[in-house]
Each structure stands twice: as C-alpha cells, then as structure tokens.
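Data block below; observations after.
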Amino acid sequence: MLHSLLSRAHRHGLVSSAEAHCDIPCKIYDTAPITVAALTVVRMIDVLEDWRKHRPEDDVAFMNTVARAVAQKEEHAAYVKDAVVVIWGDYFKAPQIEKYPQIHGLVHDIMLKGSAVKQGVNRDDAVKLVELVNEFAEIFWATKGVKTKRAVCPYPPSLEVVYVDL
Amino acid sequence: MLRVVRIAGTSMSPTLEDGDFVLVLRRVALGRLHLFGAPRPGDVVLVDHRSLGAIVKRVERRARDGRVTLRGDHPLSTSSAHLGAVPLGAVVGRAWLRISPRARPARIARGRPSRRRDELVA
C-alpha cells in the first residue's frame, strides 16, 4: 500500500533514487595478452617496412596488404590502451597505488605511446611501448607477489618481454 | 528531517532490495558535534558521494578524523577500497525504515560490520 503510493510518487519524479549498485570483481587479470598486442604493433611495422622493400607489381594487391597490416596495428594498439586502463582502473586500489605510486605516470605514458603508434609507423615508438608494457607487467605481478622474469620472445620481433616465473 | 529514496541496485541485498523505498532520518550536527543521528558502525546510511552520487551503504567504521568507511551488504558490492572513505558531511542520514512491496514496513537494524577478505586486493 505504502510502497505502491511511493512508487507512484517516484514515477512522477517526487522521490529520487539512491544507487546500491554492484561491480563484478571477477579477479581475472593478466598482462600476457597486452604484451602480445604490443609485440604485434612492432611486428606490423616490420611487415610494412618489409613490403616497402619488396613492393609487388600489383598495386591493388599491395594496397590491400598494407591496409590489412595498418588495421591490425591500429586494433592491437587500441587493445593495449583499453586493457591497461581496465587493470589500472579496476584492479589497482589504494594499497597497490601507495606501494607503486609511479603507476599513474606509467599508465599515462602507455596511453601517449599507444596513440603515437596508431598515428605513425615509427618502430622506436612501438619498441618503447613494449618496454612500458613490460614495466606495467612487472608492477602488476609484484602487487600479487608473483615472480617474473625477462626473456626474448621466441618469435618475431624477438624483443625482450616479461613472463611470469611460476 | 525525513527523506524518502528509492533503492536502485542489489549491493545492499538482502537488507534492501532493488525497488524498495527507505525513510532516511537526516543527521543534525554542528560540525562534528551531533545533535541527532551520528552515523555509527553498522548503520545503513544515505550518502551524497562525490563521484557516485546518492548511494546507500553500511557504515564500516568511523575514523578519528571523522571520515566514514562504507561497504555494501552483498558480496559483489563495490568494495570499500573503491568507495573510499567519505567525509562526515557527505552522510545525509540513517536509513531507518524499509518499505518493501513484499513485506510490511520494517525498521532497518544496525548490522555487524565485518571486513571482507578481498578488500585489500581485488
């Protein structure tokens, strides 16, 4: 009775709402896909450079392959930015930030470098993005007390990346 | 003195369910000195949160500087680490009466605030 009266008042905008929302803390966070995406950006720039040197006769086929490589570069750079923001925003809380206050600056650097590799084809920018992701991965795993090691990935572009050392 | 709000969401379940109404007794204070309705640990309160807007949560504890830590009753509620400690001034008042479509209006009991295990690391 009272509830239906108030429901009517609410529908007429006379009673406001108070949020009691949930977030789902799924706890599945891993930096490995981010590393792979950053490596892909470097690889796509290498592929583009390779095609510049061995440009095929067929212009349309050439443009097609270039467009596909650029699209992949764009997509993987966007993924790096999105996935880093999710871990930084959802996982990092006051205790982790107090221990690693440099995380904000590092995430911001990744955002800038992530945009730079979308805008251009500078390999140094892409290699730097991989290194920034490495630093992010090391801090992330350190907050969980998980050991990491650095090793050269066993596939092109053969750059040093961070692996969990379980 | 009184305010009525409608609950949206399930973070206070089972104490309050989505669609319930609550009567809020406004806090009356001169600065930190309360004449009425000082929020105590375990109270369900309406808070004017800086980034989240009007929210209803349970008081976990009150720090010496007056700041209030909040939590939801449901295990999937946004953790108190995420909500942050809110200044006392953000606490509008205590949720006093629950008006549910399924039951008679009932007083909202002061609960036992307990720390959740996953609060420090999500």
Side-chain angles (χ1 to χ4, degrees), chain A residues 1-31 34 82-101 103-104 107 136-148 164 166, chain B residues 3-13 15-24 44-49 51-58 69-85 92-93 95 97-105 116 118-122:
Chain A
M1 169 67 188
L2 186 53
H3 187 274
S4 56
L5 206 71
L6 287 169
S7 291
R8 198 172 303 169
H10 179 256
R11 275 197 296 278
H12 287 85
L14 299 172
V15 174
S16 61
S17 288
E19 301 290 333
H21 277 304
C22 291
D23 203 350
I24 299 175
C26 76
K27 301 183 189 208
I28 300 177
Y29 299 109
D30 195 325
T31 51
I34 308 174
D82 288 350
V84 165
V85 162
V86 167
I87 291 182
W88 171 66
D90 292 2
Y91 167 77
F92 277 86
K93 303 262 163 56
Q96 292 81 24
I97 292 166
E98 268 164 37
K99 208 163 171 197
Y100 299 95
I103 195 71
H104 299 325
V107 168
F136 183 79
E138 281 169 338
I139 292 175
F140 169 74
W141 291 115
T143 63
K144 291 176 157 287
V146 174
K147 277 205 297 182
T148 56
V164 292
L166 300 172
Chain B
R3 190 166 146 187
V4 185
V5 288
R6 184 177 184 278
I7 301 301
T10 56
S11 83
M12 285 303 290
S13 175
T15 310
L16 300 170
E17 299 291 354
D18 184 64
D20 284 352
F21 288 90
V22 291
L23 277 185
V24 176
V44 176
V45 289
L46 173 66
V47 171
D48 218 346
H49 195 277
S51 57
L52 301 172
I55 57 171
V56 169
K57 296 283 170 183
R58 200 178 284 280
T69 313
L70 308 167
R71 61 185 285 268
D73 279 4
H74 195 273
L76 289 184
S77 169
T78 311
S79 74
S80 60
H82 179 73
L83 292 167
V92 176
L97 196 74
R98 174 194 190 186
I99 299 151
S100 154
R102 287 168 296 275
R104 296 164 72 89
R116 273 165 45 201
D118 60 349
E119 260 172 12
L120 290 181
V121 176

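Not measured: the values here are computed from a predicted model. In the text below, chain A, chain B and the rest are named by the order of the sequence lines, each starting its count at 1.
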Inset, instruction - Look up atom OG in A:S17 and atom CG in B:D18, then write down how far apart they are to the nearest 0.5 Å. - result: 9.0 Å

Inset, instruction - Drop me the distance from A:L5's CG to B:I99's CD1, to the nearest 0.5 angstrom. - result: 10.0 Å

Legend entry - Point-to-point distance, once rounded to the nearest 0.5 Å, from CZ of B:F21 to OG of A:S4: 9.5 Å

Legend entry - Side chain A:H3, main chain B:P105, donor-acceptor under 3.5 Å: no

Legend entry - A:L2 side, atom CG; B:L97 side, atom CG - distance, nearest 0.5 Å: 8.0 Å

Legend entry - Contact origin within B:L46 toward chain A - heavy atom pairs under 4.5 Å: side chain

Legend entry - Heavy-atom pair with the smallest gap, counting every atom of B:V5 and A:V15: CA-CG1, 3.9 Å

Inset, instruction - Side chain from CB out, backbone as N, CA, C, O: work out which of these in B:R3 comes under 4.5 Å of a heavy atom of chain A, or both, or neither. - result: side chain

Legend entry - Proximity breakdown for A:S7 and chain B, heavy-atom pairs closer than 4.5 Å: both

